Amino acid sequence: MSDLPLVMGIETSCDETGVALVRGCELLGDAVASSVDQHVRFGGVVPEVASRAHLEAMTPTVHRALEQAGAKLSDVDAIAVTAGPGLAGALLVGVSAAKAYAMALGKPLYGVNHLVGHVAVDQLEHGPLPKPTIALLVSGGHTSLLQVNDLATDVVSLGDTVDDAAGEAYDKVARLLDLPYPGGPPIDKAAQRGDSKGIRFPRGKWGDGTYDFSFSGLKTAVARHVEDAERRGDPLVVDDIAAAFQESVVDVLTRKAVDACVEHGVGTLVISGGVAANSALRALAEERCREAGVELRVPRPRLCTDNGAMIAALGAEVVAAGLPASPLDLATDTSLPVNSPLAV
Amino acid sequence: MLLLAFDTATPAVTVAVGESGPDGSFTLRAAAGSVDARRHGELLSPTIVRVTEEAGITLADLDHIAVGIGPGPYTGLRVGLATAHALADALGIPCHGVTTLDALAFATGRAAPFVAMTDARRKEVFWARYDDHLTRVGEVAVDRPAELDTGGLPLVGDGARMYADVLGAGPDSPEPLHPDAAAMAELALLRLHRGEKLPDPQPLYLRRPDAVEPGAPKKVRQWVK
């Protein structure tokens, strides 16, 4: 293994400063500094707060990752960094630092795609991905269904959310139900106690013949339900509402993902992104994949959320594919399309 | 002693390599810059490569880094600081901060009092008063030009040019408009030679992030009382 290049991955697209070291499919060091606590009172990520935190955390996080890996900066063979999509000011901190490390160490720089990184990270846990693989990315910022023919060179978008991301819907519904931010874990917990039977919320873009998603109508339906209960003076059964909301989200996500595998004749589904930690999503995906004869791969929660490991993992693929390094005038791209695993 | 200086706290991206002799004499080895407020992240690293090549050195030859710490628009400012932190970290050399307005003031070479100001956006300016090109009086501040008492002193910098009508432009030219890394390198080397402490390479934001805590969620049924 040691003849494979040591790749340092740097991720700053949202509120986590992530740095990791990867050799092939082996994760050697993985450090994350999160500014999530500073965003809680605002009920969402504040870009300027996140950018300030990235600048403070950048070099200390690099050294924590190096220490874990038992490596020195001079051991690094290549540097991969998230070029997009993500928050403009946040991306720029990571890209600026990555360029400086590449310049000073005389090593190649690779600006890579955050979304494809979420798929690539699974290789660190379950080994090389079969080609092709279908991937469902669900997080606070993204809800995308992809066909990954080759991580470094050939990723096709099958569908995307047309409005809110799934994680964003969780955050907004949590606010309606007076649950804390971020909304995923408390809603998941409440839903496990609740019973969805009495309430049926809509399934956005269900059976519309596309692989697109929509969650804003669902969020509005929850708001209506809450307001109606308040108007009637009925007590709000938060656990049951959470269960019905979660059921609607995971039903559409898993149905469309498994349908995509079946329609395209693909035997493997990867689910990644922060929402992949959700217990109901995992359970229903397992059930439906089993029925359809599809292998389900979900990285452990630590690897599903934003981190440097996903960027290093994709960087290692890009290096192995022999793709050209990015120039030092590499620009960040807040809406880098998923069909560009390597930014140009 | 070789020092790389750069600043990205204004619309300019400016880079220089300077050298000081044992007697403190300053030699500018190379400098380059451009003005493009939206492309700091793309321009800075290639300009550093070009300037070090023109100076006939490699990054490994450097002894110090000096970076503009603002104040200045935050996204551009952080490009310089993130670059400086990582370069110094990888090269194992010290990194110093230089207040961007101090570099602008130093470049004027003025011997009498004046005010330096740069654009802070949102109809405000970052500004400071100087007794001469080396001596700042008080702290750097951010204010609306109309609410600012310049004491009738000569004004320099792009902020003075932008708000000349509000500030009452003097007979002097506001040049230089932007900081110049050549002046920043000379100022940093001068201070280091004199044994003075330079600021830490941390950003001078002067404003808090303008985020507001959310109120109650909006009602979706407008007819509900």
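Just so it is clear, the structure is predicted and the values come from calculations on it, not from any experiment. In the text below, chain A, chain B and the rest are named by the order of the sequence lines, each starting its count at 1.
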Inset, instruction - Below 4.5 Å from any heavy atom of chain A, which atoms of B/R207 appear? Answer side chain, backbone, both or neither. - result: backbone
Inset, instruction - Tell me, for B/L43 versus chain A, whether the close heavy atoms (under 4.5 Å) come from the side chain, the backbone, both or neither. - result: neither
Inset, instruction - May I have the step-by-step check of side chain to side chain contact (heavy atoms under 4.5 Å, CB included) for A/H63 and B/D89, ending in yes or no? - result: CA-CA 10 Å; A/H63 287 276; B/D89 181 30; 2.7 Å; yes
Legend entry - chain B contacts, top residue of A/K172, A/E230, A/R224 (heavy-atom pairs, under 4.5 Å): A/R224
Inset, instruction - Please check if atom CD in B/E213 has more than 12 non-hydrogen atoms from other residues, nucleotides or ligands closer than 6.0 Å. - result: yes
Inset, instruction - Against chain B, label A/M58 side chain, backbone, both or neither, depending on which of its atoms sit under 4.5 Å from a heavy atom there. - result: neither
Inset, instruction - Measure across A/L105 and B/A90 and return the closest heavy-atom pair with its distance rounded to 0.1 Å. - result: CD2-CB, 4.1 Å
Inset, instruction - Over all heavy atoms of both residues, which pair between B/G215 and A/R175 is shortest? Give the atoms and the distance, please. - result: O-NH2, 2.5 Å
Legend entry - Heavy atoms from other residues, nucleotides or ligands near CZ of B/R208 exceed 12 (cutoff 6.0 Å): no
Inset, instruction - Anything in residues 46-55 of chain A with a heavy-atom distance to chain B below 4.5 Å? Please list those residues in order. - result: A/V46, A/E48, A/V49, A/S51, A/R52, A/L55
Listed pairs under 3.5 Å, donor-acceptor, residues 184-202 of chain B side chains, sequence neighbours left out:
{"unit_1": "B/R191", "atom_1": "NE", "unit_2": "B/E196", "atom_2": "OE1", "d": "3.0"}
{"unit_1": "B/R191", "atom_1": "NH2", "unit_2": "B/L134", "atom_2": "O", "d": "3.1"}

Inset, instruction - Decide if atom CG of A/D75 counts as having more than 12 heavy atoms of other residues, nucleotides or ligands within a radius under 6.0 Å. - result: yes
Legend entry - Residue part contacting chain A, namely of B/L44, when any heavy atom lies under 4.5 Å: neither
Inset, instruction - For chain A, find which of B/V79, B/L59, B/V49, B/T52 contributes the most heavy-atom pairs closer than 4.5 angstrom. - result: B/V79
Legend entry - Under 3.5 Å donor-acceptor, A/K99 side chain and B/G41 backbone: yes
Legend entry - Close side-chain approach of B/R78 to A/L92, heavy-atom, < 4.5 Å: no
Legend entry - Gap separating the OG1 atom of A/T59 from the CG atom of B/L87, nearest 0.5 angstrom: 11.5 Å
Inset, instruction - Below 4.5 Å from any heavy atom of chain A, which atoms of B/R39 appear? Answer side chain, backbone, both or neither. - result: neither
Legend entry - Heavy-atom pair of closest approach, residues B/A86 and A/A97: CB-O, 3.5 Å
